[in-house]
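Every heavy atom of this structure was used, including side-chain atoms; hydrogens, water molecules and symmetry mates were not. Atoms within each ligand, like the ligands themselves, are counted from 1 in listed order.
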Amino acid sequence: MSSHQWSRREFGTAVAGIFGASLLPRLAHAQPAPRWALPNVNGARLNAHLEQLHAFGKNPQGGVSRVAYTDADRDARVLVQQLLRDAKLDVSIDAAGNIIGRRAGSDPSRPCIIIGSHIDSVPEGGNYDGQVGSMGAIEVAQTLGEAGITTRHPLEVVIWQNEEGGLWGSHAATAVLTEAELNTVSRSGKTIREGITFLGGDPAHLERTRRAKGSVAAYLELHIEQGGTLDQQKQQIGVVEGIVGIKQWEVTITGFANHAGTTAMGERRDAMLTAARFTEMVNRVIRATPGRQVGTVGRIQAFPGAPNVIPGKVVLTLEIRDLDGKKIDAMFARIKAESTKVGAMNDTAFEFHQFTDNIPAPTDLRIRAMVAASARELGLSHITLPSGAGHDAQDLAQICPVGMIFVPSLKGISHAPAEYSAPEDITNGANVLLHTLLKVDAAF
Ligand code: HGY
Ligand code: MN
Ligand code: MN
């Protein structure tokens, strides 16, 4: 919102970082005005782009259902590529299906800085998760172009594919996907391999997209908080200190399917009853120790799934999150031990198959300080907080320093159509991203 006026000396310092000190005298001569300002993003354009994006996969509840590898996802990506071209970036799709918009830096020998996020959504999701950071990153690149600023590092805007299904795009860019991972069936019904092809990637040559340690100078992501801390505390910017680890398991409970009318209550090996006891137990175990850890049973299916048959099998998901990976493992060990007892109550058995392992990622201390300094310079209130949601930044943290900027989510609602962030907060976040990017470019 506010356009911070830089003193000549302050701006001189920033410019020295951006252009190299040798250019300073010439610039200073060409711009004799007594006060200087770093550019600010075009907030109206940024929020208009978000509006445009909302049309893809719009659902009757007012949000979007833009699950990765569906037509809505693919169609939205056409718009994204157009916006990247409008921002004068060189657009490509990498082998993993991520969209990349690139802008040359003044020093081509430097590794690139990446800014970005995702545009896929959960089923019946909202209009802001991932989308704010995606449109924000494009806006930042466009603003730089319009201001005639060339960063020292090449700049890439990356829109990662299938974040919601398990950070697949960023995972492919930072790790080797196994055959089993490529064969995982995503929420769209397509396997990850089919999804990558659907988006224009090449799953047979994922090595082409892989980024080695040191090949990226830094990764910055703007995102909505998805929790209620900033909104409750009336703070404009969140400096993210770390992103939680997320582990997910498919849990199969096996009992015995039998007639629901003729099998006495004491003789049932009811997998659904065990599932209910398991769900209650998970909640109890997670809450039994102090801390911010969370555990969820989020999906459940009973087999054969008829009103008059006792379920002989239930498949459900277990998810545990925390900033401390060891704590997640300890929680799971307790849940597994307790489930043996729960299963024994009615002669049912458990099997656990882990399918997600997003390790916790602290953000880079220097970038945290730059995000805070940028907020301060822009006159924005800010606090430091952890991210309870997963983000592509945690994959990038495996190969480079990362930083994240949060803007408030109204009442902390997210992954739901009622998700909302105010246009001025979104603009503030994009300005902090822009200013942080220039600081990182100058210092790294
Ligand atoms: O599930 C998550 O935390 C993220 O929003 N994908
Ligand atoms: Mn997200
Ligand atoms: Mn999400």
Side-chain angles (χ1 to χ4, degrees), residues 50 53-54 57 59 63-69 72-73 76 80 98-99 115-137 158-171 184 186-188 192 219-230 238 240 242-249 292-299 317-323 328 355-361 363 385-397 402-409 412-421 426 429 433:
L50 270 170
L53 188 58
H54 296 169
N59 63 37
V64 293
S65 291
R66 196 186 301 136
V67 170
Y69 316 147
D73 179 34
V80 166
N98 300 308
I99 303 173
I115 56 176
S117 195
H118 64 98
I119 60 149
D120 64 304
S121 82
V122 295
E124 300 186 16
N127 291 314
Y128 300 87
D129 178 357
Q131 300 154 85
V132 164
S134 298
M135 297 299 105
V158 180
I159 310 302
W160 306 106
Q161 60 97 346
N162 198 355
E163 190 272 355
E164 295 292 0
L167 314 179
W168 287 104
S170 56
H171 205 49
T184 303
S186 71
R187 208 132 32 181
S188 65
I192 301 302
Y219 174 70
L220 305 175
E221 183 167 351
L222 166 67
H223 207 280
I224 59 167
E225 184 200 337
Q226 306 184 269
T229 310
L230 294 175
V240 179
I243 306 158
V244 291
I246 306 176
K247 289 195 180 187
Q248 295 174 330
W249 294 263
R292 302 179 69 112
Q293 69 277 1
V294 287
T296 306
V297 174
R299 191 178 68 206
T317 57
L318 166 67
E319 181 193 87
I320 309 176
R321 301 186 181 211
D322 196 70
L323 269 181
I328 296 177
F355 64 95
T356 300
D357 186 3
N358 300 336
I359 58 177
T363 52
L385 78 181
S387 172
H391 299 287
D392 293 306
Q394 62 204 106
D395 277 334
L396 273 295
V402 302
M404 284 197 75
I405 299 153
F406 276 175
V407 294
S409 293
I413 298 169
S414 185
H415 279 187
E419 182 175 86
Y420 180 77
S421 293
I426 293 168
L433 175 63

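- Side-chain N/O atoms of Glu124 and Ser65 include no donor and acceptor closer than 3.5 Å.
- Of the options Thr356, Leu318, Ile328, Asp322, a side chain to side chain contact (heavy atoms under 4.5 Å, CB included) to Lys247 is made by Ile328 and by none of the others.
- Of all protein heavy atoms, the one lying nearest to atom 4 (C) of ligand 1 is Gly390 O, 3.4 Å.
- For ligand 1 and Ala389, the ligand atoms under 4.0 Å from any heavy atom of the residue are 3 (O).
- Between Met135 atom CE and Leu53 atom CG the span is 5.0 Å, to the nearest 0.5 Å.
- Counting only distance, with no hydrogens or angles, the side chain of Arg66 and the backbone of Ile119 share a donor-acceptor pair below 3.5 Å.
- One side chain, His118 or Asp129, offers a donor N or O that lies under 3.5 Å from an acceptor on the other.
- The Mn ion (ligand 3) lies closest to atom NE2 when only the N/O/S atoms of His415 are considered.
- Side chain to side chain, Ser117 and Glu221 meet the donor-acceptor criterion of an N or O pair below 3.5 Å.
- Among Gln226, Glu319, Arg321, the residue whose heavy atom sits closest to atom 1 (O) of ligand 1 is Arg321.
- Looking only at atom types and distance, the side chain of Gln161 has a donor-acceptor partner in the side chain of Tyr69 under 3.5 Å away.
- Checking Ile99, Asn98, Asp120 one by one against Ile159, the side chain to side chain contact (heavy atoms under 4.5 Å, CB included) holds for a single residue, Ile99.
- Residue contacts with ligand 1 include His415, since one of its heavy atoms falls under 4.0 Å from the ligand.
- Around the Mn ion (ligand 2), the protein atoms of type N, O or S that sit closer than 2.8 Å are His118 NE2, Asp129 OD1, His223 NE2.
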